[in-house]
Amino acid sequence: MAKNRNDDFVTEITPKSEDFSRWYTDVVRKAELADYSPVKGCMVIRPYGYALWENARDLLDARIKATGHMNAYFPLFIPESLLKKEAEHVEGFAPEVAWVTHGGSNELEERLAVRPTSEAIICSMYSKWVQSWRDLPLLINQWGNVVRWEKVTRFFLRTTEFLWQEGHTAHATAEEAQEETLKMLGVYKDFLEEDLGIPVITGIKTEKEKFAGADRTYAVEALMSDGRALQAGTSHNLGQNFAKAFDIQFEDKNQEIQYAWSTSWGMTTRTIGALVMTHGDDNGLRLPPRVAPYHVVIVPIKAGNYEEEVLPAARELEELLRTAGLRVYLDDREEYTPGWKYNEWEMRGVPLRAEIGPRDVKNKQTVLVRRDTRDKTFVPIDHVPGAAATLLDDIQTSMLSTARDFMETNTHPVKDFDKFREIMSGPRGFLKANWCGDRDLEVEIQQETSATIRCLLPDEEPTGPCFYSGKPAKHVAIFAKAY
RNA sequence: CGGGGUGUAGCGCAGCCUGGCAGCGCACCUGCUUUGGGAGCAGGGGGUCGGAGGUUCAAAUCCUCUCACCCCGACCA
């Protein structure tokens, strides 16, 4: 009977297997992460979704600061002349830039771009701030919003305006810039895996896929549960391209004038989408404890001496958990039954639920239920903070390992194109193959299978010929259909 | 930007073909009984049918234009 009722509930969210896109949209809306807005292509991030973003943001911010960076804030608007200084850069972004042409009713002498990214305005400032080798490295990060006029949008994954952080650094040597680029790639990997429970592959982008204006682009690529890849963060070594375009010069220790070497790296609200698609199931969200808006939701059972005993005990439990440093929500709404609340909070992904009713009050215990496995444990009240912390740690690590198992079983070594096509038209996933490096063939494969090279693995040597051309392979590549 | 689809109550939809009282489920409000896996009964409120124009005695329904959103491509984080 209970099972049937639960099945009824599930019909509110389209099952993942039936229609993944719809499942995703249903979860985002039902869990109140975001809603459509009156502005085309722009979404409203609702409080629950924003709390999730804030937690993720704070954890990443701490990692960025721990590696020596400071936050700053640069303007939203970029004069057209500045944006045009780096040729490849402007060409890459031109199709999706929003322009401000009027101030009030007066037409502006020079159009202002609403930043699609801030290299231009930040580098123009760096040229003022950098004079000497002593001014380097310059390690600055910015949290903000950017606008890219996208034709097709989807909650979190692609919206016209999105939130992100963008780091911009300048260095005295190519080696330092490269070290920085890889260091931040590592920061992203650690953040995604340890804090969000999203396992990733790191690698370098091909010429075709790299950032407009970069020498080299590195990326962290995650595998969503529908077998499509999602780029969850990028780190660019910009070489001296922007330094030359924006005149960032300094006098080195040998009294010679040099152009600086710069990097930029970014991570966006898109990671929230990755979180949903990596961990969610047919009952809704599953949130890793480190970023969950609530670690524990307490559901008091209205029965027996509810007002006199159960509710006060629930409040004490709330206080106990809060004092232990956990994010707690006591759901004492009287208009919903316990069963309704169980389903509601499971749908919203709260990692741990504490049930407390007359029986528990009598036995001085509570029932802790995990969202990920639905396992129940009876825990004496005094032991609850410790037990909850242990369970939350376990949920965090087991979510990562479940996701990692999925990624590994869906990473397919491929030796020939027939196999490649077969997997791409079936379960998809990451396809790992020897690659000759020919850009035209990369386009050809994309046209035929819609798979692109997500990244090349710099640490792996190809052990045979290119799977597609049969020519000698230069790289090991990861192919996938990307978001 | 190309192909396909959908706009009717907060959400999900029926009604449209064949023009004639704007409906259903959930949600919401009031009351009572309930509450350990989405409670029951009774009563109630909420709509310029995406928008504009046209045909008609009469338009959610037919015609024209338009806007928005969704899905699949191409492009991107």
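Convention: sequence-line order gives letters A, B, ...; per-chain numbering from 1. Small disclaimer: the values here were computed from a predicted structure and weren't measured.
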Practice problem: Go through the steps to decide whether D394(A) and R370(A) satisfy the test salt bridge (Lys or Arg N to Asp or Glu O under 4.0 Å), and finish with yes or no. | Solution: CA-CA 10 Å; D394(A) 193 59; R370(A) 295 169 63 134; 2.7 Å; yes
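A salt bridge does not link R29(A) with E32(A): every distance from a Lys NZ or Arg NE/NH1/NH2 to an Asp or Glu carboxylate oxygen is 4.0 Å or more. Under the 4.0 Å criterion applied to side-chain N and carboxylate O atoms, D281(A) and R371(A) are assigned as salt-bridge partners.
Atom NZ of K362(A) and atom P of G36(B) are 17 Å apart (whole Å). Rounding to whole angstrom units, CD of residue E334(A) and P of G31(B) are separated by 13 Å. Counting to the nearest Å, the P atom of A39(B) and the CH2 atom of W340(A) are 9 Å from each other. The CD-C1' distance, from E309(A) to G36(B), rounds to 16 Å in whole Å. In this structure, Y36(A) places its OH atom 17 Å from P of G10(B), rounding to the nearest Å. Put simply, OH on Y306(A) is 13 Å from C1' on G36(B), counting in whole angstrom units. If you measure from atom NE2 of H89(A) to atom C1' of C76(B), you get 14 Å, rounded to the nearest angstrom. We find that CD of E32(A) is positioned 16 Å from P of G10(B), with the value rounded to whole Å.
Base-pair partner of A14(B): not found among the strands shown (Watson-Crick or G-U wobble, both distances under 3.5 Å). Summarising the base pairing, U6(B) is matched to A68(B) through a Watson-Crick or G-U wobble pair whose two defining distances lie under 3.5 Å. Nucleotide G36(B) is matched to nothing when pairs are restricted to Watson-Crick or G-U wobble geometry with both distances under 3.5 angstrom. Nucleotide U56(B) is matched to nothing when pairs are restricted to Watson-Crick or G-U wobble geometry with both distances under 3.5 angstrom. When both pairing distances are held under 3.5 Å, U61(B) makes no Watson-Crick or G-U pair with any nucleotide shown. Nucleotide C28(B) is matched to G44(B) when pairs are restricted to Watson-Crick or G-U wobble geometry with both distances under 3.5 angstrom.
Between the side chains of N237(A) and D215(A), not a single donor N or O lies within less than 3.5 Å of an accepting N or O. Under the 3.5 Å distance criterion, with hydrogens and angles disregarded, no donor-acceptor pair is assigned to the side chains of S264(A) and H236(A). For W23(A) and T25(A), the side-chain atoms include no donor-acceptor pair closer than 3.5 Å. Residues Q178(A) and R216(A) bring a donor and an acceptor atom of their side chains to less than 3.5 Å of each other.
Under the side chain to side chain donor-acceptor pair (under 3.5 Å) criterion, the residue pairs touching residues 82-100 of chain A are E80(A)-K84(A), with sequence neighbours excluded. Pairs passing the ring pair (Phe, Tyr, Trp, His ring centres under 6.0 Å) check and including a residue from residues 183-209 of chain A, sequence neighbours excluded, do not occur. Applying the salt bridge (charged side-chain N to carboxylate O under 4.0 Å, His left out) definition to pairs two or more places apart or across chains, those involving residues 312-321 of chain A are R315(A)-D332(A), E318(A)-R322(A). Residue pairs meeting the salt bridge (charged side-chain N to carboxylate O under 4.0 Å, His left out) criterion with at least one member in residues 439-458 of chain A, sequence neighbours excluded, are E209(A)-R454(A), E221(A)-R454(A), R421(A)-E448(A). Note on residues 43-52 of chain A: no pairs pass side chain to side chain donor-acceptor pair (under 3.5 Å), not counting sequence neighbours.
With distances taken from any side-chain atom of T337(A) to the nucleotides A39(B), C11(B), G37(B), the minimum falls on A39(B). Distance from the side chain of R374(A) is smallest to G37(B) among G37(B), G36(B), C11(B). Counting only heavy atoms from C-beta on, K376(A) has its side chain closest to G37(B) among G12(B), G36(B), G37(B). Here G36(B) is the nucleotide among G12(B), G36(B), G37(B) with the atom lying nearest to any side-chain atom of V367(A). Here the side chain of R29(A) is nearest to one of C28(B), G12(B), G36(B), namely G12(B).
Across all strands, R353(A) comes closer than 4.0 Å to base atoms (heavy-atom distances). Counting non-hydrogen atoms under 4.0 angstrom, Q231(A) reaches the backbone sugars and phosphates but no base. No contact: L230(A) has no heavy atom under 4.0 Å from any strand. Among the atoms of the strands shown, none is found under 4.0 Å from any heavy atom of P95(A).
Taking the P atoms as reference points, C57(B) lies 24 Å from C16(B), given to the whole Å. Across the C1' atoms, C67(B) and G51(B) are found 7 Å apart, a figure rounded to whole Å. Atom name C1', nucleotides G50(B) and U8(B): the rounded distance is 10 Å, in whole Å. Distance check on atom C1': A27(B) versus A9(B) gives 11 Å, rounded to whole Å.
For the segment residues 195-217 of chain A, the set of residues with a heavy atom within less than 4.0 Å of an atom of RNA chain B is empty. Remark: R148(A), E150(A) in residues 142-150 of chain A come within less than 4.0 Å of RNA chain B through at least one heavy atom. Annotation: proximity of residues 298-305 of chain A to RNA chain B (heavy atom, distance under 4.0 Å) is found for I301(A), K302(A), numbered in ascending order.
Remark on RNA chain B: of its neighbouring residues V369(A) and T160(A), the 5'-side contact belongs to V369(A), judged by nearest-heavy-atom nucleotide. Mapped onto RNA chain B by nearest heavy atom, Y336(A) and T268(A) fall at different nucleotides, with Y336(A) at the one closer to the 5' end.
Each of R353(A), E355(A), R374(A) was compared with Y342(A) under the side-chain hydrogen bond (donor to acceptor under 3.5 Å, both in side chains) criterion, and only E355(A) meets it.
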Show the distances under 3.5 angstrom between N or O atoms of the protein and N or O atoms of nucleotides 71-74 of chain B.
residue: C71(B); atom: OP1; partner: R154(A); partner atom: NH1; Å: 2.8
residue: C72(B); atom: OP1; partner: S21(A); partner atom: OG; Å: 3.0
residue: G73(B); atom: OP1; partner: K481(A); partner atom: NZ; Å: 2.3

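By the side-chain hydrogen bond (donor to acceptor under 3.5 Å, both in side chains) test, R286(A) pairs with no residue at all, sequence neighbours left out. With sequence neighbours excluded, no residue forms a ring pair (Phe, Tyr, Trp, His ring centres under 6.0 Å) with F378(A).
What you find for L196(A) and A56(A) is that their closest heavy atoms are CD2-CB, 4.3 Å.
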Can I get a per-line list of side-chain donor-acceptor pairs under 3.5 Å for residues 142-150 of chain A, giving both atom names and the distance, sequence neighbours left out?
residue: Q142(A); atom: OE1; partner: F74(A); partner atom: N; Å: 2.5
residue: Q142(A); atom: NE2; partner: S118(A); partner atom: OG; Å: 3.4
residue: Q142(A); atom: NE2; partner: E166(A); partner atom: OE2; Å: 3.1
residue: W143(A); atom: NE1; partner: D61(A); partner atom: OD1; Å: 2.7
residue: N145(A); atom: OD1; partner: R115(A); partner atom: NH2; Å: 2.8
residue: N145(A); atom: ND2; partner: E161(A); partner atom: OE2; Å: 2.8
residue: R148(A); atom: NE; partner: P116(A); partner atom: O; Å: 2.7
residue: R148(A); atom: NH2; partner: P116(A); partner atom: O; Å: 2.7

